[in-house]
**Student:** 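Please see the structure below; I have some questions.
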Protein chains: 2
Amino acid sequence: MAYATNCWAVLADPTRRTIFERLIEHPSAVSELARGLPVSRPAVSQHLKVLKDAGLVIDRPAGKQRIYQVDPEGLAAFRAELDRFWSKTLATYKTVVEQPT
Amino acid sequence: MAYATNCWAVLADPTRRTIFERLIEHPSAVSELARGLPVSRPAVSQHLKVLKDAGLVIDRPAGKQRIYQVDPEGLAAFRAELDRFWSKTLATYKTVVEQPT
DNA sequence: GTAACGCGTAAATGATGGCTTACGCGACCA
DNA sequence: TGGTCGCGTAAGCCATCATTTACGCGTTAC
């Protein structure tokens, strides 16, 4: 389902990444998200569609509204993708990258 | 120096990510990279410029050639950026995301 | 029923970005 | 001193994409 490889591009857009981070904090409806962003509501809808196609969020109807929330499964897939990336890197740059943050 | 915030967009492009991963394995000249990629040599040069501006790679002249390699410092900065992202996520989705890969 | 609300989607637009070709510059070699 | 090689960069093209406005559909409230 979740094409974790594409998550790089999906999360590259700042607006979309902000939306995703807000959904991490708590599930939200579309208008609620749009209210805190400098873009229109349809723009938020389209970003949510991209996030949904990537398997990063799921949605459920709630009366007039539609609640979006992070999909733990897709999130885990992306985490795995990033882990592969870093494990390759660590083999060469272990000492530097593992420094305390 | 390194704007780690932009690394999301920098590594979003598959070609650029491939270049970066090859540089992780070993430093390379431009033509050497281009030889193993489906794009032209100038395209590789432009990707390398983006990676360099982001602080992810450094270059040094070597006769006629120009050797590019990963900048450990920029890499650590990006690692820190991703760590911030995940630490936020883990607060909510700890159990799911931390499953063994 | 009818009005208002929340949402998704189509269409149009402007901007961004990756790619190629063409060119010019410095470094090596005969 | 020519000629070749490796590279960066400018110019232009084309695709992608983020965004807005306009519209239509389902849901709730009166």
Side-chain angles (χ1 to χ4, degrees), chain A residues 2-23 26-71 74 78, chain B residues 2-23 26-71 74 78:
Chain A
Y3 293 149
T5 308
N6 299 342
C7 289
W8 281 101
V10 169
L11 292 179
D13 181 70
T15 301
R16 200 150 50 216
R17 198 163 58 245
T18 301
I19 292 176
F20 186 72
E21 290 177 351
R22 303 229 173 142
L23 289 182
H26 57 83
S28 304
V30 181
S31 292
E32 181 185 351
L33 287 168
R35 217 172 298 128
L37 291 171
V39 297
S40 67
R41 181 195 52 78
V44 175
S45 266
Q46 292 173 9
H47 282 306
L48 287 170
K49 174 172 171 51
V50 175
L51 289 169
K52 184 180 174 184
D53 289 346
L56 287 175
V57 304
I58 53 181
D59 59 334
R60 102 186 94 91
K64 284 191 290 188
Q65 307 195 103
R66 191 158 199 95
I67 307 299
Y68 284 81
Q69 63 182 34
V70 172
D71 181 6
F78 183 44
Chain B
Y3 291 149
T5 308
N6 300 343
C7 287
W8 280 102
V10 169
L11 292 179
D13 181 70
T15 302
R16 199 152 49 217
R17 201 163 55 246
T18 301
I19 292 176
F20 185 71
E21 289 176 353
R22 303 227 174 144
L23 290 183
H26 57 83
S28 306
V30 180
S31 294
E32 181 184 351
L33 287 168
R35 218 173 296 129
L37 291 170
V39 296
S40 68
R41 181 195 53 77
V44 175
S45 266
Q46 293 171 7
H47 282 305
L48 286 170
K49 175 172 171 51
V50 175
L51 289 169
K52 185 179 175 184
D53 288 346
L56 287 175
V57 304
I58 53 181
D59 59 335
R60 101 187 95 91
K64 284 192 291 187
Q65 308 195 103
R66 190 157 202 95
I67 307 300
Y68 284 81
Q69 63 182 32
V70 172
D71 180 7
F78 182 44

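Residue numbers start from 1 in every chain, and the chains themselves are labelled A, B, ... in the order their sequence lines are given, proteins ahead of strands. Hydrogens, waters and symmetry mates play no part in the numbers below; they use all other heavy atoms, side chains included.
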**Student:** Is there a side-chain polar atom (N or O) of B/S31 under 4.0 Å from OP1 or OP2 of D/dG6?
**Tutor:**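 Negative; the distance criterion is not met.
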**Student:** What's the NZ-C1' distance between A/K52 and C/dG8, to the nearest Å?
**Tutor:**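 Checked: the NZ to C1' distance equals 10 Å.
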**Student:** Would you confirm whether B/R22, through its side chain, and B/G36, through its main-chain N or O, come within 3.5 Å as a donor-acceptor pair?
**Tutor:**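 Yes; at least one donor-acceptor contact below 3.5 Å.
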**Student:** Rounding to a whole Å, what distance do you find between B/R35:CZ and D/dC5:P?
**Tutor:**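 For the pair B/R35 CZ and D/dC5 P, the rounded distance is 13 Å.
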**Student:** Taking all non-hydrogen atoms of both residues into account, name the closest pair between A/S28 and A/H26 and its distance.
**Tutor:**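 Heavy atoms only, the tightest pair is OG-O, 3.2 Å.
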**Student:** According to a strict under-4.0 Å criterion, is A/Y68 in side-chain N/O contact with OP1 or OP2 of C/dG6?
**Tutor:**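 So the side chain of A/Y68 is outside the cut-off, no N or O lying under 4.0 Å from OP1 or OP2 of C/dG6.
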**Student:** How many angstroms lie between CD in A/E21 and CZ in A/R16, if you round to the nearest 0.5 Å?
**Tutor:**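 Here the rounded value is 13.0 Å.
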**Student:** Got a sec, which residues hit side-chain contact (heavy atoms from CB on, under 4.5 Å) with A/L48, two or more places apart in sequence or on another chain?
**Tutor:**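 side-chain contact (heavy atoms from CB on, under 4.5 Å) list for A/L48, sorted by chain: A/I19, A/L23, A/V30, A/L33, A/V44, A/L51, A/Y68.
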**Student:** NZ of A/K49 versus C1' of D/dC17: gap in Å, rounded?
**Tutor:**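 Rounding to the nearest Å, NZ of A/K49 and C1' of D/dC17 are 14 Å apart.
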**Student:** For each nucleotide in nucleotides 25-30 of chain C, reading 5' to 3', give B when a protein heavy atom comes within less than 4.0 Å of its base, S when such contact involves only the sugar-phosphate, and - otherwise.
**Tutor:** --BS--
**Student:** From CG of A/D53 over to P of D/dA18, roughly how many Å is that when rounded to an integer?
**Tutor:**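 Nearest whole value for this atom pair: 13 Å.
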**Student:** Aromatic rings A/F78 and A/W8: how do their planes relate, parallel, tilted or perpendicular, breaks at 30° and 60°?
**Tutor:**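 Perpendicular, since the angle between the ring planes exceeds 60°.
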**Student:** Please, what dot-bracket string fits DNA chain D when only Watson-Crick and G-U pairs with both distances under 3.5 Å count, crossing ones use [ ] and pairs to another strand use |?
**Tutor:** ||||||||||||||||||||||||||||||
**Student:** Once rounded to the nearest 0.5 Å, what's the spacing between atom OG1 of B/T15 and atom CD of B/Q46?
**Tutor:**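 Reported to 0.5 Å precision, the distance equals 12.0 Å.
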**Student:** Do the side chain of A/R17 and the main chain of A/L11 share a donor and acceptor less than 3.5 angstrom apart?
**Tutor:**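 Such a contact is found between A/R17 side chain and A/L11 backbone.
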**Student:** Would you please name every residue forming a side-chain contact (heavy atoms from CB on, under 4.5 Å) with B/K64, sequence neighbours left out?
**Tutor:**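 With sequence neighbours excluded, B/K64 shows a side-chain contact (heavy atoms from CB on, under 4.5 Å) to no residue whatsoever.
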**Student:** Would you mind reading off the distance between B/R17 atom CZ and C/dG18 atom P, rounded to a whole angstrom?
**Tutor:**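 Distance, rounded to whole Å: 12 Å.
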**Student:** Measure from CD1 on B/I67 to P on D/dC5 and round the result to the nearest Å.
**Tutor:**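 It is 18 Å, rounded to the nearest whole Å.
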**Student:** Considering only C/dC7, C/dG18, D/dG8, which nucleotide approaches the side chain of B/R16 most closely?
**Tutor:**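 Shortest atom-to-atom distance from the side chain points to C/dG18.
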**Student:** Considering only C/dG8, C/dG6, D/dC7, which nucleotide approaches the side chain of B/R66 most closely?
**Tutor:**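 Looking only at heavy atoms from C-beta outward on B/R66, the closest nucleotide is D/dC7.
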**Student:** Please name all residues satisfying side-chain contact (heavy atoms from CB on, under 4.5 Å) with B/K52, sequence neighbours left out, ordered by chain then number.
**Tutor:**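 B/K52 satisfies side-chain contact (heavy atoms from CB on, under 4.5 Å) with B/V57, B/D59 only.
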**Student:** Starting from C1' on D/dC7, measure out to CD1 on B/I19 and report it in whole angstrom.
**Tutor:**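 B/I19 atom CD1 is separated from D/dC7 atom C1' by 14 Å.
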**Student:** Measure from CG on A/L33 to P on C/dG8 and round the result to the nearest Å.
**Tutor:**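 Rounded to whole Å, this separation is 10 Å.
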**Student:** What's the shortest heavy-atom distance between B/A12 and A/A9, and which atoms?
**Tutor:**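 So the two residues come closest at CB-CA, 3.8 Å.
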**Student:** From B/R35 CZ over to B/S31 OG, what is the distance, rounded to the nearest 0.5 angstrom?
**Tutor:**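 It comes to 6.5 Å.
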**Student:** Are any protein N/O atoms closer than 3.5 Å to N/O atoms in nucleotides 19-23 of chain C? If there are, list each pair with its distance.
**Tutor:**
{"unit_1": "C/dC19", "atom_1": "OP1", "unit_2": "B/T15", "atom_2": "OG1", "d": "3.4"}
{"unit_1": "C/dC19", "atom_1": "OP2", "unit_2": "B/H47", "atom_2": "NE2", "d": "2.3"}
{"unit_1": "C/dT20", "atom_1": "OP2", "unit_2": "B/S40", "atom_2": "N", "d": "2.7"}
{"unit_1": "C/dT20", "atom_1": "OP2", "unit_2": "B/S40", "atom_2": "OG", "d": "2.7"}
{"unit_1": "C/dT20", "atom_1": "O4", "unit_2": "B/Q46", "atom_2": "NE2", "d": "2.9"}

**Student:** Any chance you could measure A/R60, atom CZ, to A/Q65, atom CD, to the nearest 0.5 Å?
**Tutor:**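 Nearest 0.5 Å value for the CZ-CD distance: 10.5 Å.
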